[in-house]
Amino acid sequence: MLDLRRIRTDPDEVAAGLARRGEDPEELAQVVRLDEAHRALETEATDLRREVKQLSKQVGQLRREGATDEAATVADKSRSLGERQHALAAEADELARQLRDRLLRIPNLPADDAPDGAGPQDNVELYRVGLAPEGFEDHQRVPHWESGPDLGILDLERAVRMSGSMFAMYRGLGATLNRALCQLALDTNADAFEEVRPPSVVLTDTMVATGHLPKFAEDAYHMAADELYAIPTAEVPLTSLARGEILAEDDLPARYMAYSPCFRREAGSAGRDTRGLLRLHEFDKVEILAYATEAQAGGLHEELLGRATRLIESLGLTYRVLDLCAGDLGGSAARTFDIEVYAPGVDAWLEVSSVSWFSDYQARRAEIRYRPADGSANQPVHTLNGSALAVPRVWAAIIETCRCPDGSIRFPDPVLPYLRGAVGVAADGTPLRSDT
RNA sequence: GGAGGGAUGGCAGAGCGGACGAUUGCGACGGUCUUGAAAACCGUUGAGGUGCAAGCCUCCGGGGGUUCGAAUCCCCCUCCCUCCGCCA
């Protein structure tokens, strides 16, 4: 969430930032009004509280001196003040609750260098790598939802039978490839990132910390009986790893990575991208995440982007990098680079990674701070994260890109060590081995 | 799931209705001493809010209550530990 003090000192600057996102200015105005009302009440209640405390001390003093009558008089006075104080404090608490609730729904300010724009059409393409989309051959123009089931490595029909639409089931080498991609992503980042295997189901506060709640409740799977949520990304538990903690500056940057299943209701996208693996209610992903100081954040953002693109590149896929415009930024993000992979079979760019810098927005919600080495006041950390690899779309792009003229698939080199000797799938669905 | 015990500052651990934001020990940091270090000694050492500042206020797992006054008493919840049951 935004820093209330900043809202008070530079309301115009904050309003300008939110306007770049296309936010309704009234939301911020409400927060400002609530904050003022809250502080006025709080001050009044605090003054009364002080008086009550002082009077109470007098009561104790007078009793000890044996002046019981006087003590009773002072106690009476203190009681009536206390009653008023109680009422004011309750009112102040209620305002504080409303204020926080509103503040939690206000998105982060876009970074100064995030491009202007209202929506996806205004995102800025920074660069492309790999074969141009027009350069792909006809044998690569087969959508994965056709070749996958034909080769017996993808079973969409039965997945739908057991779980409904937008669920997938991988089989045989398809399932192995899925796992191989996870393992590859973890192994290539193990040089700098601590591997974590977090819970896949979390409490409400954990979802609030990243910004997935309260505003986007309809996107999350909620287990009402136990007040738990299925995580939409490992970003959620990893961001809460240090929740409520004060880190030493020496600990920063701290880098973590995690494989996790991801669950998304995709409430707003019914009927869109429903075919194949393009949009699923459950998928596997490896996430990389860092806590940093403000000074370190820029460099780390580049590092995370570099790691994500190198991995895609090593798989031989065509991709492009987009700088998201202010209007298309996720609620918690200040700056985001999207990596989109070209899938020749469906002839579309698929978002496979969002590498984001959240400034101190998430850390404020999660109360993650660090103690500066120079002894100055504790600061919220900056958080950054990105998908190292989101499996289904990469899986689909590989199946399409790596399809040979004879209908077989030859997997890219980096995954081969994880495929138990297989190097691809023959057109009849049998595994291809390195010696054949 | 049942029965009992517990939750206090970085850690350990007192406090059980009045000067307690909290004794003390350890750790950490600064200083004295020392060629350097150790030891010893002295000092500092939780977080948040508000205020120009002095200060004031809040926080002893969370929420509610009793009281002039709550870390201390009462109620509810959560988590941890021990024992029993069940179980991958």
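Note on naming: letters A, B, ... go to the chains in the order of the sequence lines (proteins, then strands), and numbering restarts at 1 for each one. None of the values given here were measured: they were computed from a predicted structure.
Partners of A/Glu44 by salt bridge (charged side-chain N to carboxylate O under 4.0 Å, His left out), not counting sequence neighbours, listed by chain and number: A/Arg84.
Using a 4.0 Å heavy-atom criterion, one finds that A/Ser78 contacts the sugar-phosphate atoms exclusively. Contact annotation for A/Glu42: no contact, since no heavy-atom pair falls under 4.0 Å across all strands. Residue A/Lys77 is classed as having no contact, given no heavy-atom separation below 4.0 Å to the nucleic acid. Using a 4.0 Å heavy-atom criterion, one finds that A/Asp76 contacts no nucleic acid atom at all. Among the heavy atoms of the strands, none lies under 4.0 Å from A/Val74.
Note: A/His281 and A/Phe167 have tilted aromatic rings, judged against thresholds of 30 and 60 degrees for the angle between ring planes.
Of the listed nucleotides (B/rC68, B/rA70, B/rC56), B/rA70 has the atom at the smallest distance from the side chain of A/Arg49. Set against B/rG51, B/rG48, B/rG69, the side chain of A/Asn378 has B/rG48 as its closest nucleotide. When the nucleotides B/rA47, B/rC56, B/rG69 are ranked by their closest atom to the side chain of A/Ser56, B/rG69 comes out on top.
With no hydrogens or angles considered, a side-chain donor-acceptor pair links A/Lys285 and A/Thr233 at under 3.5 Å.
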Note, RNA chain B 5' to 3' with Watson-Crick or G-U pairs under 3.5 Å encoded as ( ), [ ], | and . gives ((((((((.[[[..)..(.....]]]((((((.......))))))(((((....))))).[[[[[..)....]]]]])))))))....
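The environment of CZ in A/Arg8 is crowded: more than 12 heavy-atom neighbours from other residues, nucleotides or ligands sit within 6.0 Å.
The separation of B/rA70 from B/rG49, taken at their P atoms, amounts to 24 Å, rounded to a whole angstrom.
At B/rU58, none of the side-chain N or O atoms of A/Arg50 fall inside 4.0 Å of OP1 or OP2 (strictly under the cut-off).
Counting distance only, with no hydrogens placed and no angle test, the side-chain atoms of A/Arg63 and the base atoms of B/rG18 include a donor-acceptor pair under 3.5 Å.
Residue A/Leu81 contributes atom CG, which lies 16 Å from atom P of B/rU67 at whole-angstrom precision.
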